[in-house]
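What follows is one structure encoded as C-alpha coordinates, with my remarks underneath.
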Amino acid sequence: MAATQELYAVVEPGNPALQAREGARPADVEIVFENVGKCFPKKGERDAPFAVRGLNFSIRKGEVVSIIGPSGCGKSTLLNMGSGLYTPSEGAVFVGGERVVKPVAKVAFMLQKDLLMPWRSIRRNVELGLEIQGVPAARRRPVAERLIEKCHLAGFGDHYPFQLSGGMRQRAALARTLAIDPQVLFLDEPFSALDAQTKMILQQDLAQTLYEQRKTALFITHDLMEAIALSDRILVMSARPGNIIEEIEVDLPHRDNPLERRKLPGAGPLVGRLMDLLKVGDDPLH
Ligand SMILES: Nc1ncnc2c1ncn2[C@@H]1O[C@H](COP(=O)(O)OP(=O)(O)OP(=O)(O)O)[C@@H](O)[C@H]1O
(Lines give C-alpha, C1' and ligand atoms only; values in the text may rest on other atoms or scores of the structure.)
Protein backbone atom coordinates (compact mmCIF):
# COMPACT_ATOMS: atom_id res chain seq x y z
CA MET A 1 0.00 0.00 0.00
CA ALA A 2 1.30 3.48 -0.84
CA ALA A 3 2.25 5.66 2.11
CA THR A 4 -0.69 8.01 1.63
CA GLN A 5 -3.18 5.17 1.40
CA GLU A 6 -1.75 3.69 4.58
CA LEU A 7 -2.20 7.01 6.33
CA TYR A 8 -5.81 7.31 5.23
CA ALA A 9 -6.37 3.72 6.34
CA VAL A 10 -5.67 4.86 9.90
CA VAL A 11 -9.04 6.59 10.07
CA GLU A 12 -10.97 4.07 8.01
CA PRO A 13 -13.46 1.84 9.80
CA GLY A 14 -12.10 -1.44 11.05
CA ASN A 15 -8.44 -0.47 11.20
CA PRO A 16 -7.22 -2.86 13.90
CA ALA A 17 -4.01 -0.94 14.61
CA LEU A 18 -5.92 2.13 15.65
CA GLN A 19 -8.46 0.18 17.69
CA ALA A 20 -5.67 -1.60 19.51
CA ARG A 21 -3.83 1.62 20.22
CA GLU A 22 -6.77 3.71 21.37
CA GLY A 23 -9.48 1.28 22.29
CA ALA A 24 -11.76 3.48 20.19
CA ARG A 25 -13.93 2.90 17.15
CA PRO A 26 -12.33 4.72 14.21
CA ALA A 27 -15.53 6.73 13.81
CA ASP A 28 -14.79 8.21 17.25
CA VAL A 29 -11.34 9.44 16.27
CA GLU A 30 -11.00 13.18 15.61
CA ILE A 31 -7.27 13.90 15.31
CA VAL A 32 -4.51 11.58 14.09
CA PHE A 33 -0.78 12.32 13.92
CA GLU A 34 0.88 9.57 11.93
CA ASN A 35 4.68 9.48 12.04
CA VAL A 36 4.86 13.28 11.87
CA GLY A 37 8.15 15.18 11.76
CA LYS A 38 9.04 18.79 11.09
CA CYS A 39 12.30 20.55 10.33
CA PHE A 40 12.94 24.11 9.22
CA PRO A 41 15.67 24.19 6.56
CA LYS A 42 16.92 27.67 5.73
CA LYS A 43 16.55 28.97 2.20
CA GLY A 44 18.85 27.02 -0.12
CA GLU A 45 19.39 24.22 2.44
CA ARG A 46 18.00 20.74 1.84
CA ASP A 47 18.33 19.35 5.35
CA ALA A 48 18.01 20.67 8.86
CA PRO A 49 17.76 19.04 12.28
CA PHE A 50 14.23 17.92 13.14
CA ALA A 51 12.37 20.04 15.69
CA VAL A 52 9.88 17.18 16.25
CA ARG A 53 9.98 13.66 14.88
CA GLY A 54 8.05 10.38 15.05
CA LEU A 55 4.86 11.91 16.46
CA ASN A 56 2.22 9.15 16.61
CA PHE A 57 -0.98 9.63 18.53
CA SER A 58 -4.71 10.00 18.07
CA ILE A 59 -7.39 11.91 19.94
CA ARG A 60 -11.01 10.85 20.24
CA LYS A 61 -14.01 13.08 19.55
CA GLY A 62 -14.88 15.02 22.67
CA GLU A 63 -11.55 14.28 24.32
CA VAL A 64 -9.43 17.04 25.90
CA VAL A 65 -5.70 16.33 25.69
CA SER A 66 -2.89 18.47 27.08
CA ILE A 67 0.67 18.55 25.85
CA ILE A 68 3.47 19.34 28.23
CA GLY A 69 7.20 19.33 27.63
CA PRO A 70 10.37 21.36 28.03
CA SER A 71 10.67 24.75 26.38
CA GLY A 72 11.52 24.46 22.69
CA CYS A 73 10.53 20.77 22.39
CA GLY A 74 8.09 21.57 19.60
CA LYS A 75 4.67 21.89 21.27
CA SER A 76 3.62 24.91 19.20
CA THR A 77 5.07 23.32 16.07
CA LEU A 78 2.86 20.27 16.72
CA LEU A 79 -0.21 22.45 17.15
CA ASN A 80 0.61 24.51 14.06
CA MET A 81 0.72 21.30 12.02
CA GLY A 82 -2.61 20.19 13.48
CA SER A 83 -4.27 23.42 12.42
CA GLY A 84 -2.68 23.44 8.96
CA LEU A 85 -0.46 26.49 9.54
CA TYR A 86 2.70 24.35 9.10
CA THR A 87 3.08 21.46 6.67
CA PRO A 88 4.78 18.36 8.13
CA SER A 89 8.19 17.55 6.63
CA GLU A 90 7.27 13.88 6.95
CA GLY A 91 4.16 11.93 7.93
CA ALA A 92 0.62 13.30 7.93
CA VAL A 93 -2.00 14.85 10.18
CA PHE A 94 -5.73 14.08 9.90
CA VAL A 95 -8.60 16.02 11.44
CA GLY A 96 -12.12 14.64 11.16
CA GLY A 97 -10.89 11.93 8.78
CA GLU A 98 -9.37 14.40 6.32
CA ARG A 99 -5.72 14.97 5.74
CA VAL A 100 -4.70 18.47 6.86
CA VAL A 101 -3.07 20.33 3.99
CA LYS A 102 -4.27 23.88 4.76
CA PRO A 103 -6.11 25.65 7.60
CA VAL A 104 -9.25 23.64 8.38
CA ALA A 105 -12.65 25.35 8.75
CA LYS A 106 -13.85 23.18 11.66
CA VAL A 107 -10.75 24.04 13.72
CA ALA A 108 -10.27 27.11 15.90
CA PHE A 109 -7.02 28.33 17.37
CA MET A 110 -6.56 30.29 20.59
CA LEU A 111 -3.24 31.75 21.67
CA GLN A 112 -1.66 33.39 24.70
CA LYS A 113 -2.08 36.79 23.00
CA ASP A 114 -5.74 37.70 22.57
CA LEU A 115 -5.13 39.21 19.09
CA LEU A 116 -8.30 41.28 19.35
CA MET A 117 -8.56 44.01 16.75
CA PRO A 118 -8.26 47.29 18.67
CA TRP A 119 -10.49 49.24 16.26
CA ARG A 120 -13.41 46.82 16.61
CA SER A 121 -15.81 46.69 19.52
CA ILE A 122 -15.88 43.49 21.58
CA ARG A 123 -19.09 42.45 19.80
CA ARG A 124 -17.53 42.96 16.38
CA ASN A 125 -14.40 41.11 17.46
CA VAL A 126 -16.53 38.15 18.56
CA GLU A 127 -18.35 38.26 15.22
CA LEU A 128 -15.13 38.32 13.18
CA GLY A 129 -14.92 34.60 12.29
CA LEU A 130 -18.57 34.52 11.25
CA GLU A 131 -18.08 37.67 9.18
CA ILE A 132 -15.15 36.02 7.38
CA GLN A 133 -17.39 33.02 6.73
CA GLY A 134 -19.95 35.36 5.10
CA VAL A 135 -22.66 34.95 7.75
CA PRO A 136 -25.04 37.95 7.46
CA ALA A 137 -25.05 40.55 10.26
CA ALA A 138 -28.56 39.65 11.42
CA ARG A 139 -27.44 36.08 12.16
CA ARG A 140 -24.06 37.06 13.61
CA ARG A 141 -25.46 39.40 16.21
CA PRO A 142 -27.44 36.88 18.34
CA VAL A 143 -24.51 34.43 18.32
CA ALA A 144 -22.16 37.17 19.54
CA GLU A 145 -24.62 38.33 22.20
CA ARG A 146 -25.08 34.79 23.54
CA LEU A 147 -21.33 34.19 23.76
CA ILE A 148 -20.61 37.60 25.28
CA GLU A 149 -23.06 36.72 28.03
CA LYS A 150 -21.78 33.16 28.41
CA CYS A 151 -18.21 34.45 28.75
CA HIS A 152 -19.32 36.89 31.48
CA LEU A 153 -18.90 40.03 29.39
CA ALA A 154 -22.54 41.15 29.38
CA GLY A 155 -22.64 44.94 29.05
CA PHE A 156 -19.20 45.14 27.42
CA GLY A 157 -20.19 44.39 23.82
CA ASP A 158 -19.82 48.05 22.80
CA HIS A 159 -16.51 48.51 24.63
CA TYR A 160 -13.17 48.37 22.84
CA PRO A 161 -10.33 46.02 23.79
CA PHE A 162 -8.26 48.80 25.46
CA GLN A 163 -11.15 49.37 27.90
CA LEU A 164 -11.00 45.78 29.21
CA SER A 165 -8.64 44.02 31.62
CA GLY A 166 -6.33 41.25 30.38
CA GLY A 167 -8.68 38.58 31.73
CA MET A 168 -11.70 40.19 30.05
CA ARG A 169 -9.87 40.44 26.75
CA GLN A 170 -8.99 36.76 26.94
CA ARG A 171 -12.66 36.01 27.67
CA ALA A 172 -13.52 37.96 24.51
CA ALA A 173 -10.93 35.91 22.61
CA LEU A 174 -12.58 32.73 23.93
CA ALA A 175 -16.01 34.01 22.82
CA ARG A 176 -14.57 34.78 19.38
CA THR A 177 -13.03 31.28 19.21
CA LEU A 178 -16.36 29.63 20.10
CA ALA A 179 -18.44 31.83 17.76
CA ILE A 180 -17.62 29.77 14.68
CA ASP A 181 -18.75 26.67 16.59
CA PRO A 182 -15.56 24.72 15.88
CA GLN A 183 -15.54 20.96 16.45
CA VAL A 184 -11.82 21.07 17.32
CA LEU A 185 -9.95 23.63 19.40
CA PHE A 186 -6.19 24.02 19.42
CA LEU A 187 -5.17 26.08 22.43
CA ASP A 188 -1.58 27.32 22.79
CA GLU A 189 -1.07 28.43 26.40
CA PRO A 190 -4.24 30.55 26.26
CA PHE A 191 -4.21 31.49 29.95
CA SER A 192 -0.50 31.75 30.70
CA ALA A 193 -0.46 35.55 30.80
CA LEU A 194 -3.29 35.78 33.36
CA ASP A 195 -3.14 35.99 37.13
CA ALA A 196 -3.82 32.77 39.02
CA GLN A 197 -7.42 33.52 40.00
CA THR A 198 -8.54 34.84 36.62
CA LYS A 199 -6.91 31.82 35.05
CA MET A 200 -8.90 29.39 37.19
CA ILE A 201 -12.19 31.13 36.37
CA LEU A 202 -11.46 31.06 32.64
CA GLN A 203 -10.45 27.41 32.86
CA GLN A 204 -13.79 26.72 34.46
CA ASP A 205 -15.68 28.44 31.61
CA LEU A 206 -13.65 26.63 28.98
CA ALA A 207 -13.98 23.22 30.65
CA GLN A 208 -17.75 23.53 30.93
CA THR A 209 -18.12 24.58 27.30
CA LEU A 210 -15.89 21.77 26.03
CA TYR A 211 -17.77 19.23 28.13
CA GLU A 212 -21.32 20.40 27.36
CA GLN A 213 -20.70 20.74 23.62
CA ARG A 214 -18.49 17.64 23.40
CA LYS A 215 -15.73 19.50 21.63
CA THR A 216 -12.30 18.04 21.00
CA ALA A 217 -9.35 20.05 22.30
CA LEU A 218 -5.59 19.88 22.17
CA PHE A 219 -4.12 22.15 24.76
CA ILE A 220 -0.52 23.28 25.32
CA THR A 221 0.45 24.34 28.79
CA HIS A 222 3.49 24.68 31.05
CA ASP A 223 1.22 24.59 34.10
CA LEU A 224 1.11 20.96 35.26
CA MET A 225 -1.94 21.44 37.49
CA GLU A 226 -3.76 23.16 34.62
CA ALA A 227 -3.11 20.08 32.46
CA ILE A 228 -4.51 17.81 35.18
CA ALA A 229 -7.48 20.06 35.93
CA LEU A 230 -8.63 20.28 32.30
CA SER A 231 -7.67 17.05 30.54
CA ASP A 232 -8.72 13.48 29.95
CA ARG A 233 -5.16 12.65 28.95
CA ILE A 234 -1.73 14.28 29.04
CA LEU A 235 0.98 13.74 26.41
CA VAL A 236 4.49 14.36 27.74
CA MET A 237 7.11 15.41 25.19
CA SER A 238 10.88 14.93 25.27
CA ALA A 239 13.42 17.66 24.53
CA ARG A 240 14.34 18.33 20.90
CA PRO A 241 13.72 16.54 18.64
CA GLY A 242 10.38 16.48 20.43
CA ASN A 243 8.56 13.18 20.71
CA ILE A 244 5.84 11.78 22.95
CA ILE A 245 7.61 9.94 25.77
CA GLU A 246 4.59 9.21 27.97
CA GLU A 247 0.79 9.27 27.83
CA ILE A 248 -1.01 9.73 31.13
CA GLU A 249 -4.73 9.12 31.58
CA VAL A 250 -6.14 11.58 34.11
CA ASP A 251 -8.32 9.13 35.96
CA LEU A 252 -10.11 11.74 38.09
CA PRO A 253 -13.74 12.93 38.10
CA HIS A 254 -14.94 16.47 37.35
CA ARG A 255 -13.51 17.09 33.92
CA ASP A 256 -16.26 19.70 33.61
CA ASN A 257 -15.27 21.30 36.90
CA PRO A 258 -11.54 22.03 37.18
CA LEU A 259 -12.01 24.03 40.39
CA GLU A 260 -13.23 20.85 42.09
CA ARG A 261 -10.74 18.60 40.34
CA ARG A 262 -7.81 20.67 41.65
CA LYS A 263 -8.94 19.89 45.21
CA LEU A 264 -8.99 16.10 44.77
CA PRO A 265 -6.37 14.13 46.71
CA GLY A 266 -5.36 12.35 43.48
CA ALA A 267 -4.32 15.61 41.77
CA GLY A 268 -1.17 16.25 43.84
CA PRO A 269 0.50 12.88 43.14
CA LEU A 270 -0.15 13.36 39.42
CA VAL A 271 1.68 16.70 39.52
CA GLY A 272 4.58 14.85 41.20
CA ARG A 273 4.59 12.22 38.47
CA LEU A 274 4.67 14.85 35.72
CA MET A 275 7.48 16.71 37.52
CA ASP A 276 9.49 13.48 37.61
CA LEU A 277 8.89 12.84 33.91
CA LEU A 278 9.97 16.38 33.03
CA LYS A 279 12.89 16.12 35.47
CA VAL A 280 11.84 19.42 37.04
CA GLY A 281 14.58 20.52 39.44
CA ASP A 282 17.32 18.29 37.96
CA ASP A 283 18.82 21.16 35.98
CA PRO A 284 19.61 24.17 38.20
CA LEU A 285 19.22 26.51 35.21
CA HIS A 286 15.56 25.51 34.64
N1 LIG B 1 8.81 29.02 11.77
C2 LIG B 1 9.93 28.50 12.28
N3 LIG B 1 11.11 28.63 11.66
C4 LIG B 1 12.23 28.09 12.16
N5 LIG B 1 12.29 27.38 13.30
C6 LIG B 1 11.14 27.22 13.98
C7 LIG B 1 9.89 27.76 13.52
N8 LIG B 1 8.91 27.42 14.40
C9 LIG B 1 9.51 26.70 15.36
N10 LIG B 1 10.84 26.59 15.11
C11 LIG B 1 11.82 25.88 15.93
O12 LIG B 1 11.25 24.64 16.34
C13 LIG B 1 11.65 24.35 17.67
C14 LIG B 1 10.42 24.12 18.52
O15 LIG B 1 9.75 25.38 18.70
P16 LIG B 1 8.30 25.47 19.35
O17 LIG B 1 7.93 26.91 19.42
O18 LIG B 1 7.39 24.57 18.64
O19 LIG B 1 8.59 24.89 20.81
P20 LIG B 1 7.68 24.95 22.12
O21 LIG B 1 7.82 23.63 22.78
O22 LIG B 1 6.32 25.42 21.78
O23 LIG B 1 8.45 26.06 22.96
P24 LIG B 1 7.96 26.93 24.24
O25 LIG B 1 7.51 25.95 25.28
O26 LIG B 1 9.21 27.66 24.64
O27 LIG B 1 6.86 27.84 23.75
C28 LIG B 1 12.51 25.52 18.15
O29 LIG B 1 13.87 25.18 18.01
C30 LIG B 1 12.13 26.63 17.21
O31 LIG B 1 13.20 27.51 17.00
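Ligands are counted one by one from 1 in listed order, and the atoms in each one are counted from 1 as well. Counting from 1, the numbers follow the sequence of the chain as shown.
For ligand 1, one of its N or O atoms has an N or O atom of Cys73 under 3.5 Å away.
Open room surrounds CD on Gln197; 12 or fewer heavy atoms of other groups in view lie less than 6.0 Å from it. For CD of Gln213, the number of neighbouring non-hydrogen atoms (other residues, nucleotides, ligands) closer than 6.0 Å is greater than 12.
Contact of the Arg171 side chain with the Ile201 side chain is registered, since non-hydrogen atoms from C-beta on lie closer than 4.5 Å.
The shortest contact between atom 1 (N) of ligand 1 and any protein heavy atom is with Tyr86 OH, 3.1 Å. Here the heavy atom of the protein found nearest to atom 19 (O) of ligand 1 is Gly74 N, 3.2 Å. The protein heavy atom nearest to atom 18 (O) of ligand 1 is Thr77 OG1, 2.6 Å. At the shortest separation from atom 17 (O) of ligand 1 among protein heavy atoms lies Ser76 CB, 3.8 Å. The single protein non-hydrogen atom nearest to atom 3 (N) of ligand 1 is Phe40 CD2, 3.5 Å, given as residue, atom name and distance. Scanning the protein for heavy atoms near atom 23 (O) of ligand 1, the closest one is Gly72 N, 2.9 Å. Atom 13 (C) of ligand 1 has as its closest protein heavy atom Arg240 NH1, 3.6 Å. If you check which protein heavy atom lies closest to atom 25 (O) of ligand 1, you get Lys75 NZ, 2.7 Å.
Comment: Glu30 engages Lys106 in a salt bridge, judged by a side-chain N to carboxylate O separation of less than 4.0 angstrom.
Closest to atom 27 (O) of ligand 1 by heavy atom, among Lys38, Glu189, Met237, is Glu189. Nearest-heavy-atom check against atom 12 (O) of ligand 1 across Ala239, Pro241, Ala51 picks out Ala51.
Panel note: side chain Asp188, backbone Leu111; no donor-acceptor pair is recorded below 3.5 Å.
Between the side chains of Gln203 and Arg262, a donor-acceptor pair is found at a separation under 3.5 Å.
Tested against Met237, the residues Leu78, Ile220, Leu277 include a single side-chain contact (heavy atoms from CB on, under 4.5 Å) partner, Leu78.
To the nearest 0.5 Å, atoms CG (Leu218) and CG (Leu185) are separated by 10.5 Å.
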